[in-house]
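For reference, the structure is listed below as structure tokens.
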Amino acid sequence: MGKVVEQHDVVIVGAGHAGCEAALASARLGMDTIVFTISIDSVALMPCNPNIGGTSKGHLVREVDALGGEMGKNIDKTFIQSKMLNKSKGPAVHSLRAQADKHDYTREMRKTLENTDNLTIKQAEVSDILVEDGVIKGVKTTTGATYYAKSVVLATGVYLKAKCIHGDVCQETGPNGLAAANYLTQSLIDNGIEMRRFKTGTPARVDKRTVDFSKMEEQFGDERIVPFSFTTDPESIQKDQVSCWLTYTNEETHEIIKENIERSPLFSGMIEGTGPRYCPSIEDKVVKFADKNRHQVFIEPEGLYTNEMYLGGMSSSLPEDVQYAMYHTVPGLENAKIVRNAYAIEYDCIEYGQLLPDLEFKAVKGLFSAGQFNGSSGYEEAAAQGIVAGINAVKYARGEETLVIDRSRGYIGVLIDDLVTKESHEPYRMMTSRAEYRLLLRQDNADLRLTPLGYEVGLISKERYQSVVAKEKAIEKEIARLEETYVGANKKVQKVLEKLESTTLKTATSLAELIRRPELDYEKIKELDKERSELPEDVKEQVNINIKYSGYIERQKKQVENFKKIESKKIPEDIDYDDVISLRIEARQKLQKYRPINIGQASRISGVSPADISVLLIYMEQKK
């Protein structure tokens, strides 16, 4: 008997959060798609924290949903607690986070994949990419089976040559004891792709029955639950929620860690990979923040049908005996029994500077990549890259122009642009501070920004697109009405303003001007608004934000106009930077390595100065 040979349009390698979004996007766009996973039980696995969203990550989930992705819908089906973060701050940094039932989340996503037309799930380990003359032709598995395709997406997560480490114990497995993928790395290197080693980690899970919650602060969800997906009816998800709990490490905890620091593989040299700066292990925190005498520990349920509790904030790679000793010093965890040890995981991912802005490899045409394999961290960052890589794998296969979301249109654009243009020596994490136009890129308006793009691509239905267009018109109409509706300085108006503890009027003013006052908003002035008609909650929210922050919003729109001008200046593909006299050596080397497609991208490469950009612009003008 010969080896298995199959032909597909698109191959996806990996079925984590990136792979799921890539596979669903490809299949929903009508392509014959096959997604490979080492274990079908690990589809959309949540090997670390049991939540989706959070600061800036909530923005990404909303944007994935607006483009036609699945993550938002899936967490709306499977959450056990939901909370809007940063509500005391401005709307630019509001971010939704929901605790997931891990088992349900995986099961629901798998069910979605299994019931999607054009999509095949295959349990197998991919060992080779097949490349001819710099063009992808397909993949081969460890069994020798060959799967030809027009394009391939690599979304291998943390599985490539994965090692799980705690103390001096080193196991060659992926997360949760799943098999590692040990062969693909060499095939990538053989095809001109540079690899590096990164590390991440996870805390212990403890048995809920052994936790004393009376010594902890209870953390509740929001009274009114806001969905992640713009398609989820808010009324359908109002339900009883499970509590999380907050406790703290103390000086005794820190003393135990310091006494055993040389036994940590992070400090002994056993771990080679670089870990995430913004999600450090507890031993890292104790060493780097020696002045802090305590750190937060969030006790989070892993689901409704398990007693496993996740110890957020205490990831570690210390030996098992040290883990028991340090966890037992934390109030409420004195008698905690560990169900799963904390561990660090090391894995192969790609070196920076090898991807185009559409997530295609420069070295291999038709080969795309997404997720932690690209050097990022987090489920949400992975899903965001996954949907873009999936869309572009389809566009490449069809011979169409690929999709690039720029920094002014979405957090997804910021994330991918940073991964493509910036030197990152550690796993990349999305943060609101990375988005320079964050007042325009709020999570509440992700549908208005990106649903038209999802419709253009083909992942959003006509009905959904038309409802977003209607919403936009309703917002514009109501803002115009409020700008043009005036109230006078009469007794009735003054009385209402006094009641609202707002300054009384000296002359007539528009309702919009009243909304702009810090102490007032759209809802508070309704007594003064005789012509007001009832509008949907999401429309009212947009009206309020757009009026209240109109000055700042207009300023950012002007900044975006300038940004667009720079982005529109394309750099010739065949440019030889050695011919650009006056470019500094470092800039020349960086520009040769990254091969930016426009002046905007070139200006964001570290090591390329504004002076270098001026030299490049002059050279391009002369060449015209």
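The distance from the CG atom of Leu440 to the NZ atom of Lys557 is 7.0 Å, given to the nearest 0.5 Å. Distance check, rounded to the nearest 0.5 Å: OG1 of Thr421 to CD of Gln601 gives 6.0 Å. Here the CG atom belonging to Leu119 is positioned 6.0 Å from the OG1 atom belonging to Thr116, to the nearest 0.5 angstrom. The structure places CG of Asn74 at 12.5 Å from CZ of Phe79, a figure rounded to the nearest 0.5 Å. If you take CD on Glu456 and CG on Leu450, they are separated by 11.5 Å, rounding to the nearest 0.5 Å. The OG1 atom of Thr451 sits 10.0 Å away from the CD atom of Glu472 when rounded to the nearest 0.5 Å.
Between the side chains of Gln542 and Asp444, at least one donor-acceptor pair of N or O atoms lies under 3.5 Å. A donor atom on one side chain and an acceptor atom on the other are not found under 3.5 Å apart for Thr33 and Asn118. No hydrogens or angles considered: nothing links the side chains of Ser377 and Gln372 as a donor-acceptor pair under 3.5 Å. Side-chain polar atoms of Ser243 and Glu218 form a donor-acceptor pair below 3.5 angstrom. Side-chain atoms of Thr232 and Asp76 include a donor-acceptor pair closer than 3.5 Å. Of the N and O atoms on the side chains of Asp358 and Thr402, at least one donor lies less than 3.5 Å from an acceptor on the other residue.
When side chains are defined from C-beta on, His59 does not count as touching Arg438, because their heavy atoms never get closer than 4.5 Å. No side-chain heavy atom of Asn598 sits under 4.5 Å from any side-chain heavy atom of Lys569. Annotation: side chain of Ile225 is not in contact with side chain of Pro234 (no heavy-atom distance under 4.5 Å). Between Leu448 and Lys471 the shortest side-chain heavy-atom distance falls below 4.5 Å. Here the side chains of Phe228 and Lys73 are not in contact, with every heavy-atom distance at 4.5 Å or above. Taking 4.5 Å as the limit, some side-chain heavy atom of Ser408 sits within range of a side-chain heavy atom of Lys564. Glu381 has its side chain within reach of Leu60: a pair of non-hydrogen atoms, C-beta onward, lies under 4.5 Å apart. Residues Arg442 and Tyr411 have side chains not in contact (no heavy-atom distance under 4.5 Å, counting atoms from C-beta outward).
Nearest heavy atom pair, residue Ser95 against residue Gly54, reads CB-O, 3.2 Å. The two residues Val493 and Leu528 make their nearest non-hydrogen contact at CA-CD2, 3.9 Å. Scanning both residues, Ser369 and Leu355, for their nearest heavy atoms gives OG-CD2, 3.6 Å. Heavy atoms only, all atoms of each residue included: Gly410 and Leu441 are closest at N-CD2, 3.6 Å. The minimum heavy-atom distance between Thr106 and Ala44, with the atom names listed, is OG1-O, 3.3 Å. The minimum heavy-atom distance between Val457 and Leu29, with the atom names listed, is O-CD2, 3.4 Å.
By the 6.0 Å contact criterion, CD on Glu527 is open, its count of non-hydrogen atoms from other residues, nucleotides or ligands being 12 or less. More than 12 heavy atoms of other shown residues, nucleotides or ligands fall within 6.0 angstrom of atom CD in Glu523. Under a cut-off of 6.0 angstrom, the local environment of NZ in Lys89 is sparse, with at most 12 non-hydrogen atoms contributed by other residues, nucleotides or ligands. For CG of Asp240, the number of neighbouring non-hydrogen atoms (other residues, nucleotides, ligands) closer than 6.0 Å is 12 at most.
At a threshold of 4.0 Å, the pair Arg604-Asp418 does not count as salt-bridged, since none of the basic side-chain nitrogens sits closer than that to a carboxylate oxygen. Look at Arg110 and Asp41 and you find a salt bridge, because one of the NZ, NE, NH1 or NH2 atoms lies within 4.0 Å of a carboxylate O, short of that distance. Taking the charged nitrogens against the carboxylate oxygens, Lys83 and Asp222 have no contact shorter than 4.0 Å, which rules out a salt bridge. Salt-bridge check for Asp65 with Arg464: passed, with a basic side-chain N closer than 4.0 Å to an acidic carboxylate O. A salt bridge links Glu537 with Lys540; the closest basic N to acidic carboxylate O contact falls under 4.0 Å. Comment: Arg481 engages Asp529 in a salt bridge, judged by a side-chain N to carboxylate O separation of less than 4.0 angstrom.
Applying the side-chain hydrogen bond (donor to acceptor under 3.5 Å, both in side chains) test to pairs two or more places apart or on separate chains, those with a residue in residues 543-556 are Arg516-Ser550. The ring pair (Phe, Tyr, Trp, His ring centres under 6.0 Å) analysis of residues 86-115, with sequence neighbours excluded, yields the pairs His17-Tyr105. For residues 500-511, every residue pair satisfying the side-chain hydrogen bond (donor to acceptor under 3.5 Å, both in side chains) rule, not counting sequence neighbours, is listed here: Ser502-Arg517, Ser502-Glu519. Applying the ring pair (Phe, Tyr, Trp, His ring centres under 6.0 Å) test to every pair with at least one member in residues 438-487, sequence neighbours left out, gives these pairs: Tyr455-Tyr465.
Here Phe230 pairs with nothing under the ring-ring contact (aromatic ring centres under 6.0 Å, His included) rule; sequence neighbours left out. For Glu223, the side-chain hydrogen bond (donor to acceptor under 3.5 Å, both in side chains) test picks out no residue, with sequence neighbours left out. With sequence neighbours excluded, the residues satisfying side-chain hydrogen bond (donor to acceptor under 3.5 Å, both in side chains) with Arg28 are Glu70. Listed by chain and number, the residues in a salt bridge (Lys or Arg N to Asp or Glu O under 4.0 Å) with Lys473 amount to none (sequence neighbours excluded). Applying the salt bridge (Lys or Arg N to Asp or Glu O under 4.0 Å) criterion to Lys524, with sequence neighbours excluded, gives no partner residue. Contacts of Asn176 classified as side-chain hydrogen bond (donor to acceptor under 3.5 Å, both in side chains), with partners at least two apart in sequence or in another chain: none. Applying the salt bridge (Lys or Arg N to Asp or Glu O under 4.0 Å) rule to Lys102 yields the partners Glu302; only residues at least two apart in sequence or on another chain are considered. A search for ring-ring contact (aromatic ring centres under 6.0 Å, His included) contacts involving Phe213 returns Trp245, not counting sequence neighbours.
Annotation: Tyr437 is in aromatic contact with Phe563 [ring centroid separation under 6.0 Å].
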Where do Ser376 and Gln385 land on the side chain to side chain donor-acceptor pair (under 3.5 Å) test, with the steps shown first?
CA-CA 10 Å; Ser376 64; Gln385 294 167 65; 2.9 Å; yes
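Cation-pi geometry between Arg532 and Tyr522 is met: under 6.0 angstrom from the ring centre, within 45 degrees of the axis. The cationic group of Lys422 does not satisfy the cation-pi geometry with Tyr428, failing either the under 6.0 Å distance to the six-membered ring centre or the 45° limit from the ring axis.
Of the listed residues (Met216, His295, Gln296), just one forms a side-chain contact (heavy atoms from CB on, under 4.5 Å) with Tyr248, and that residue is Gln296.
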